[in-house]
2 protein chains.
Amino acid sequence: MFSKSCEYGIRAMIYIAGESLKERRVSLKDIAQDIDSPVAFTAKILQQLSRNNLVDSVKGPTGGFEIQPGRMKKISLGAIVKAIDGDGIFKTCGLGLKECSEKRPCPVHNQFKSIRENLCRMLDETSVFELSQGLKDGSTFLRHK
Amino acid sequence: MFSKSCEYGIRAMIYIAGESLKERRVSLKDIAQDIDSPVAFTAKILQQLSRNNLVDSVKGPTGGFEIQPGRMKKISLGAIVKAIDGDGIFKTCGLGLKECSEKRPCPVHNQFKSIRENLCRMLDETSVFELSQGLKDGSTFLRHK
DNA sequence: ATATATTAAGACCTTTTTATCCTTTATTAG
DNA sequence: CTAATAAAGGATAAAAAGGTCTTAATATAT
């Protein structure tokens with residue numbers, strides 16, 4: 001569904017949001033540790049998210065990553081996916097055709113349509129804030145035991 | 001969503017089905033040409049589909065690929081996807097967690113659940129026969145103009 | 001000011017996916 | 001039986017994704 005980068009990116013964002021709500025800025029090391037992702041690779045992904053203004057980064061001692069509580073309700077899953085994987089999943093033909101539209105649909109165009117609409121709506125409506133709540137109340141998890 | 005292999009595989013199956021309904025056995029060359037895919041790569045994918053008994057192959061002059069009309073109503077999109085990409089898309093955690101279940105869900109587990117259910121149902125219920133009909137009546141297409 | 005902690009950036013390596021090419025095997029027509 | 005045709009299979013190559021490492025830039029505390 002998503003690339004590995006995107007999976008790590010989403011996990012990182014949810015984690016950072018959760019910590020930011022506790023007024024804690026988190027370091028790369030903490031993030032990688034707590035979401036069980038490769039450190040250096042996660043750094044790259046965070047750079048990308050930072051450049052897209054989805055997360056704030058601060059250098060130096062006591063530095064790290066954080067998300068303004070105000071912003072995290074406005075950041076959707078879809079925005080993260082778009083920043084990392086691009087908008088292919090929102091638009092591209094399910095069978096990889098260059099030319100696929102209502103006017104010249106591929107054989108699975110209509111079958112995929114409603115599924116994609118549901119997916120897009122969900123990605124768009126689900127905020128990082130919302131997802132961080134499950135972590136907080138212990139009902140969801142970002143890594144194995 | 002799917003790998004390139006899987007996209008070509010699905011396109012090839014729909015094409016072969018359509019031709020088989022006209023009692024035409026098709027060669028690799030014809031397939032690659034008509035679905036606009038790389039010939040040698042398509043050959044590999046067809047081997048895979050053939051080993052999985054999703055398509056019949058015949059060697060030698062007048063040989064090629066075909067699907068028994070009786071079988072093509074029983075072959076679902078999902079069976080093709082499973083043969084080529086495995087069943088990851090049906091099962092794997094959306095955030096790539098090893099451990100993700102109802103008992104220990106990832107933060108997006110519930111959001112993804114209904115979407116995945118819809119996708120699985122669609123893949124399972126849509127047959128190659130059905131998809132070949134659109135081609136036949138000219139309402140769908142397997143390649144660009 | 002300096003030493004230290006931390007992210008940013010770019011070069012590099014590894015694995016997987018995508019794709020090609022060549023040889024072998026099977027089948028058919030003549 | 002032979003020549004020709006077509007898929008099967010294996011080796012190889014190229015491109016993309018996944019991942020590491022080293023150095024630079026920046027901020028903090030003392």
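These figures come from a predicted structure and were not determined experimentally. Note: hydrogens, waters and symmetry copies are ignored here, and every other heavy atom, side chains too, is used. By convention in this document, chain letters (A, B, ...) are assigned in the order of the sequence lines, proteins followed by strands, and residues within each chain are numbered from 1.
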Selection residues 1-22 of chain A - residue pairs positive for salt bridge (Lys or Arg N to Asp or Glu O under 4.0 Å), sequence neighbours left out: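 Qualifying pairs, neighbours excluded: A/Lys4-A/Glu7, A/Glu19-A/Lys22, A/Glu19-A/Arg24.
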
Closest contact, heavy atoms only, B/Ile67 versus B/Ala17: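 Result for this residue pair: CD1-N, 3.9 Å.
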
Between [range] and DNA chain C, which residues have a heavy-atom gap below 4.0 Å?
range	answer
residues 30-51 of chain A	A/Lys44, A/Gln47, A/Ser50, A/Arg51
residues 9-16 of chain A	none
residues 52-63 of chain B	B/Lys59, B/Gly60, B/Pro61, B/Thr62

Let me know the distance between [atom1] of [X] and [atom2] of [N], rounded to the nearest Å.
X	N	atom1	atom2	value
B/Phe2	C/dT17	CZ	C1'	17 Å
B/Leu28	D/dT5	CG	C1'	13 Å
A/Phe65	C/dT6	CZ	P	12 Å
A/Tyr8	D/dG18	OH	C1'	8 Å
B/Lys29	D/dA8	NZ	C1'	17 Å

A/Phe2: ring pair (Phe, Tyr, Trp, His ring centres under 6.0 Å) partners, not counting sequence neighbours: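 A/Phe2: ring pair (Phe, Tyr, Trp, His ring centres under 6.0 Å) contacts with B/Phe112.
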
Bracket notation of DNA chain D in which parentheses pair within the strand, [ ] cross earlier pairs, and | pairs with another strand (Watson-Crick or G-U, under 3.5 Å): ||||||||||||||||||||||||||||||

